[in-house]
Amino acid sequence: MYFSKSFVPILKNNPAEAKIKSHQLMLRVGMIKQSSAGIYSWLPLGFKVMKKIEQIVREEQDRIGVQEILMPTIQSSEIWKESGRYDDYGEEMLRIKDRQNREMLYGPTNEELVTEIFRSSIKSYKSLPQMLYHIQWKFRDELRPRFGIMRCREFYMKDAYSFDINDDEAFFSYNKFFLSYLRTFKRLNLSAIPMAADTGPIGGNLSHEFIILADTGESKIYTDKRIFDVNSSSTLLEKNSLTDLRKQYEKFYSVTDEKFDQKEFEKKVPEEFRINTKGIEVGHIFYFGDKYSKPMNAAVDFNGKKEFVKMGSYGIGVSRLVGAIIEAKYNDKDEIMKWPISVAPYHCAIIPMIKKNDITNIEKSNKIFEYFKSKNIDAIIDDTEENISAKIKKFNLIGIPYQLILGNKTEGDLFEFKEINGETQRLSIEDAVSQILKAKSN
Ligand code: ATP
Ligand code: MG
C-alpha cells in the first residue's frame, strides 16, 4: 500500500471537540468519522485496528470451545415481552416499527434472542454444555454519548452465552470465559483486571467486570496492587484449575464503586497496596441462572424431568477497545502512541527519500514491501513528496511501531531502522525483519 493512495485523512490540529486522548487521536489521524451523535464510520486505519482486535477476541473464544454464530441486529419485541425486559429496558432501546406496524428493535444485547434460538433446538441435557457467541453491532440510545467510540450509541460487541444443566456446570462455563478474557486482554497487551461487579439490568448474582486502569475511565475502582501479579499463563481448561484461578484473583479486594465499602477496603488491603483510581470497562461477564430460561421456557429433559437451563452471558467491547488501547498506551511524556504490534494498523512504515526523476528508492521500497509481505509483516510505503522528517513525524503521530528509512545515510545493504520510540539502528533487512517478527511472537 502506498501512502499517497491510502484513505488516511490526517487533520493539522487536534479537534477541539475531543476531550480525551483516544478521541483526539482517532479523529486526528482519520481512524473514524462521526456521522451523527454517537454514531461513527470506521475509516481504513481504524477499521484495520478493530478487525485485528476482533480476530484476537474470536481466536480466544474458539480456543475455549465457544461456537460462533451471527444473530441479526434487528429483533422482534415479542421475545423481550416474554422475558419482561421490553418495558424495563427503557429509553436506551431503539424501538422501530416495520410496515406491518410490528414492533421491532435494534438489539442492545442478545439474551432473549439466543435463548429463543436455544430453546427451539436443544431438547436434551446430553447436548449440554452449549456456548455460543457472535460479534455484532449493538445500539443503545445513551443519554450522553461521549468520548468518541468509547461511549457511543452504535458499537461493536462480542457477546457470548452459555447454557448448562446445573450451577456447578454453569460455574465451569463461567470460569472458562474468565480465563479466556484474561488471555484475550493479554494478547492485546493490556492488563485488564477482573473486578466484582453489580449485575445491573442483565440481572443475576455473579459478575465480573474486566477493567483497565486509565485516568480518563468512567468507572471508579478500588483494588489491591497485588492482583496485577497473579499469574494465569499455565491454567488448564479443567474444572479445578479454573476454580483455583478465579480464587487467586478473588483473594484480592477489587471492586467498582457500586460494590465499594470503605471499611472492607481498609481492612482487606494494607495501605501500601491500595489503589483507588479510575478505569475503563472493556469486558463484563455475568452468571444469572434461570433468569431468562424460566420466563422464556428454555428447558431440557433430564432423565424424564424438565430442567430450566442455567445461563451466563459474556461481553467484550470490541470497538471500545480501540480507544481503550490508546488511553492505556499513549505516552504523555513523549507524546507518542505506539500501537501494540498485535493490533497495529501496520507493523512498519517504509519511508523512502524521494528525489526528483529518480525512482531508485521507490523500487527499493517495493522490493522490501514484498519481502515483508512474504514474512507476514504488514507495511505501508510513504511515497509522498514530503521530506523525511515530516514523514517520520506523521508515522509518530499514527503510532506505527517500526520505521524503515531509505535516506541519505542508506548505503549498501544497511538501512536506518527504528522502533517508534527507540534509537535509530543501522541494520540489514533480514535483521530488521527478525526484530519485527520477534516482537510479533511475544
Ligand atoms: P457501561 O457500564 O460502560 O455503560 P455496560 O455495563 O452497560 O457498560 P455491558 O452490557 O456489560 O455494558 O456490555 C459489554 C461491553 O460492551 C462493555 O464491557 C463495554 O466494553 C461495551 N460497551 C457497553 N456500552 C458501550 C457503549 N455505549 N459504547 C461502546 N462500548 C460499550
Ligand atoms: Mg457492564
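Starting from 1, each residue takes its place in the sequence as its number. Values below: all heavy atoms of this structure, side chains included; hydrogens, waters and symmetry mates excluded. Every number for a ligand or one of its atoms is a count from 1 in the order of the listing.
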- Query: Which N/O/S atom belongs to H284 and is the closest one to the Mg ion (ligand 2)?
  - Reply: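 Atom name returned: ND1.
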
- Task: Could you tell me which N, O or S atom of E281 is nearest to the Mg ion (ligand 2)?
- Result: OE2

With backbone taken as N, CA, C and O and side chain as the heavy atoms from C-beta onward, which portion of [X] lies under 4.0 Å from ligand 1: side chain, backbone, both, or neither?
X    : value
M150 : backbone
R320 : side chain
E281 : both

Using a strict cut-off of less than 4.0 Å between a Lys/Arg side-chain nitrogen and an Asp/Glu carboxylate oxygen, indicate whether [X] and [Y] qualify as a salt bridge.
X    : Y    : value
E169 : K310 : no
E281 : R320 : no
K267 : E264 : no
D215 : K278 : no
K291 : E111 : no
E54  : K51  : yes

- Query: Hey, looking at atom 26 (C) of ligand 1, which of F139, F155, F147 has the closest heavy atom?
  - Reply: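 Nearest heavy atom to atom 26 (C) of ligand 1 lies in F155.
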
- Shortest reach to atom 1 (P) of ligand 1 by a heavy atom, considering only R153, E92, R151: R151

Would you mind listing which atoms of ligand 1 come within a distance below 4.0 Å of any non-hydrogen atom of [X]?
X    : answer
I149 : 29 (C)
E142 : 26 (C), 27 (N)
H284 : 6 (O), 11 (O)

- Query: Do Y402 and F417 have their ring centres less than 6.0 Å from each other?
  - Reply: yes

- Item | Contact check: E209 vs ligand 1, nitrogen or oxygen atoms, below 3.5 angstrom |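 The answer is no, given that E209 and ligand 1 share no N or O pair closer than 3.5 Å.
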
- M157 to ligand 1: N or O pair under 3.5 Å? no

- Query: Does ligand 1 have an atom under 4.0 Å from some heavy atom of C152?
  - Reply: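 Yes; C152 lies near enough to ligand 1 that a heavy-atom distance drops under 4.0 Å.
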
- Task: Take every heavy atom of T109, measure it against each atom of ligand 1, and state whether any distance is under 4.0 Å.
- Result: no

- Do the rings of F288 and Y292 sit parallel, tilted or perpendicular, given the 30° and 60° boundaries?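 Aromatic pair F288/Y292 classed perpendicular.
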
- What orientation do F163 and F118 show, parallel under 30°, tilted 30 to 60°, or perpendicular over 60°?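 Rings of F163 and F118: parallel, under 30°.
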
- Message: Do R226 and F252 form a cation-pi contact, if we require the NZ or CZ to be under 6.0 Å from the six-membered ring centre and within 45 degrees of the ring's axis?
- Response: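 Output no; distance or angle outside limits.
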
- Message: Taking 2.8 Å as the cut-off, does E209 contribute an N, O or S atom near the Mg ion (ligand 2), distance below it?
- Response: no

